[in-house]
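What follows is a set of notes on a single structure, which appears directly below.
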Amino acid sequence: MAVAADGSSIGSFSGGCIETAVIAEALESLSTNTPREVRFGAGSKYFDIRLPCGGGIDLFFSPLRKAAVVDELFDAASARRPFTISMDRETGSISSTPAEQDQAVIRDRSTIRVNHVPAAKIVILGHGAVVENLANLTTSYGLDCEILTPDKDIVARIIEDDRVAHRLKTPAATDLYQADPWTACVFYFHDHDWEAELMKQALASPAFYIGAMGSFKTHDTRKALLNDIGVSDDAIQRIKAPIGIIPSTRDPATLALSTLTEIIETYHSHFSRTHGTIAL
């Protein structure tokens, strides 16, 4: 969360429970040009602020004396590079380095190190109404999304909304997308001849989630097709199929919601222990 000298802010810690007090503390830190640590919730000096969970939040506030560090963090986040923010609790100095740790937050004497990993990104490969439904939900949730589809009309509509879409002209593997460890690959093909080579490509990547639409019977056919083109059974085990948390749904909007929920749950189960948060 960042707070400017005029009281404007961006970001959140608690969905509204403590933000007013956080802004007040940040402005006080700016006015004195000194760092501070403040507890909110249980054990806090703010006896009238209670968190719904009954716990507490310890926040570190520090005036941002060097704007260059913001550029460094922005560039790393834009390039989807994990990084570590180091903050001195006594001097308030802030610096960043490439990711140094697996743990989300480490306290070492006067230093606090917070690890940041890229946000989830979703690549949707397929055709049909569910492709646009998931793209719309993903955008509303605030994640980056790319669409690869043989459907030129879907591509046109997505591009018209200033979002990323590519038309697949063949079912072969493609250079149109790259999956990093924080990417989810979603397959929504009704014609499964389209998906085998593209799925093989996804399974060779470090993507944290690979899911495919269809029944258990459909997935048995899929597994045979993948075996035929050299994909091992161990690799195939990575596929979430049938996709989503709501079984046997055929409605495109519900299937999209079911898929996004499973992706977000999987992302947090993989990375919540390595992804910290920071207040500036």
Side-chain angles (χ1 to χ4, degrees), residues 120-141 143-161 163-179 183-205 207-233 235-266:
K121 175 182 176 180
I122 300 180
V123 177
I124 309 169
L125 305 97
H127 45 231
V130 66
V131 170
E132 290 179 89
N133 274 273
L134 180 57
N136 293 336
L137 283 176
T138 301
T139 300
S140 297
Y141 187 73
L143 298 181
D144 288 336
C145 177
E146 295 182 12
I147 291 175
L148 287 80
T149 177
D151 191 324
K152 63 181 181 181
D153 293 330
I154 290 178
V155 172
R157 287 192 292 270
I158 294 296
I159 291 177
E160 187 176 3
D161 288 338
R163 292 180 289 174
V164 180
H166 304 283
R167 187 180 178 196
L168 294 171
K169 296 182 179 179
T170 73
T174 177
D175 294 329
L176 293 175
Y177 82 99
Q178 300 293 326
T183 297
C185 298
V186 176
F187 289 84
Y188 281 153
F189 285 108
H190 297 278
D191 182 352
H192 297 289
D193 290 338
W194 269 96
E195 71 180 13
E197 292 291 344
L198 291 165
M199 191 170 285
K200 180 180 180 180
Q201 178 183 354
L203 289 169
S205 78
F208 77 91
Y209 175 96
I210 298 170
M213 179 176 68
S215 64
F216 288 107
K217 182 177 180 180
T218 296
H219 191 50
D220 287 339
T221 302
R222 176 184 294 120
K223 289 190 286 186
L225 289 171
L226 290 170
N227 283 152
D228 287 345
I229 60 173
V231 181
S232 69
D233 289 336
I236 292 172
Q237 289 297 317
R238 294 178 60 197
I239 303 171
K240 300 274 191 175
I243 201 169
I245 65 167
I246 303 173
S248 304
T249 181
R250 291 179 174 82
D251 171 65
T254 305
L255 177 58
L257 180 61
S258 175
T259 301
L260 181 60
T261 303
E262 184 172 66
I263 290 171
I264 299 305
E265 190 279 331
T266 304

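Residues: numbered from 1 along the sequence shown.
Y177 is listed as a side-chain neighbour of C185, based on a closest heavy-atom distance under 4.5 Å. With contacts defined as side-chain heavy-atom distances shorter than 4.5 Å, the pair Y209/I243 qualifies. Taking 4.5 Å as the limit, every side-chain heavy atom of I245 sits out of range of all side-chain heavy atoms of E265. By the 4.5 Å heavy-atom criterion applied to side chains, I122 and L260 are counted as neighbours. Looking at V186 and I263, their side chains come closer than 4.5 Å, going by heavy atoms from C-beta outward. A heavy-atom distance below 4.5 Å is found between the side chains of T266 and E262. I124 has its side chain within reach of C145: a pair of non-hydrogen atoms, C-beta onward, lies under 4.5 Å apart. Looking only at side-chain heavy atoms (C-beta outward), L134 and V131 stay at 4.5 Å or farther from each other.
Using modelled atom types, no side-chain atom of R222 and backbone atom of I236 make a donor-acceptor pair closer than 3.5 Å. In terms of modelled atom types and a separation under 3.5 Å, the side chain of N227 and the main chain of V231 share a donor-acceptor contact. At least one donor-acceptor pair under 3.5 Å links the side chain of R238 to the backbone N or O of L203. Within the 3.5 Å criterion, the main-chain N or O of G244 finds no donor-acceptor partner in the side chain of T259. No donor-acceptor distance shorter than 3.5 angstrom exists from the side chain of T149 to the backbone of R167, with no hydrogens or angles considered.
Scanning both residues, F208 and A184, for their nearest heavy atoms gives CE2-N, 3.7 Å. Here the closest non-hydrogen pair linking L225 and H192 is CD1-O, 4.3 Å. The shortest heavy-atom contact between Y188 and A256 is OH-CA, 3.9 Å. The two atoms that bring I158 and A135 nearest to each other are CD1-CB, 4.3 Å, heavy atoms only. M199 approaches A212 most closely through the heavy-atom pair CE-CB, 3.7 Å.
With salt bridges taken as basic N to acidic carboxylate O contacts below 4.0 Å, one links D220 and K223.
For L176, the side-chain contact (heavy atoms from CB on, under 4.5 Å) test picks out L148, H166, L168, T174, with sequence neighbours left out. When the salt bridge (Lys or Arg N to Asp or Glu O under 4.0 Å) test is applied to E197, no partner is found at least two apart in sequence or on another chain. S232 meets the side-chain contact (heavy atoms from CB on, under 4.5 Å) test with D234, A235; sequence neighbours excluded.
Counted within 6.0 Å of CG on D191, heavy atoms from surrounding residues, nucleotides or ligands total more than 12; the atom is thus considered enclosed.
In this structure, H190 and H127 have parallel ring planes: the angle between them is below the 30° cut-off, well short of the 60° mark.
With rounding to the nearest 0.5 Å, the separation of OG1 in T261 from OH in Y141 is 9.0 Å. Put simply, CG on L226 and NE2 on H219 are 8.0 Å apart, with the number rounded to the nearest 0.5 Å. A distance of 12.0 Å separates CE of M213 from CZ of F187, quoted to the nearest 0.5 Å.
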Practice task
Check the pair I264, L143 against side-chain contact (heavy atoms from CB on, under 4.5 Å), reporting the backbone distance first and the verdict last.
Solution key: CA-CA 10 Å; I264 299 305; L143 298 181; 3.7 Å; yes

Exercise for the section: List the steps, then state whether side-chain contact (heavy atoms from CB on, under 4.5 Å) holds for N133 with L255. Expected result: CA-CA 9 Å; N133 274 273; L255 177 58; over 6 Å; no

Exercise for the section: Test I154 against E132 for side-chain contact (heavy atoms from CB on, under 4.5 Å), laying out the working first. Expected result: CA-CA 7 Å; I154 290 178; E132 290 179 89; 3.6 Å; yes

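In the model, S215 has a side-chain atom that pairs as donor or acceptor with a side-chain atom of T218 under 3.5 Å.
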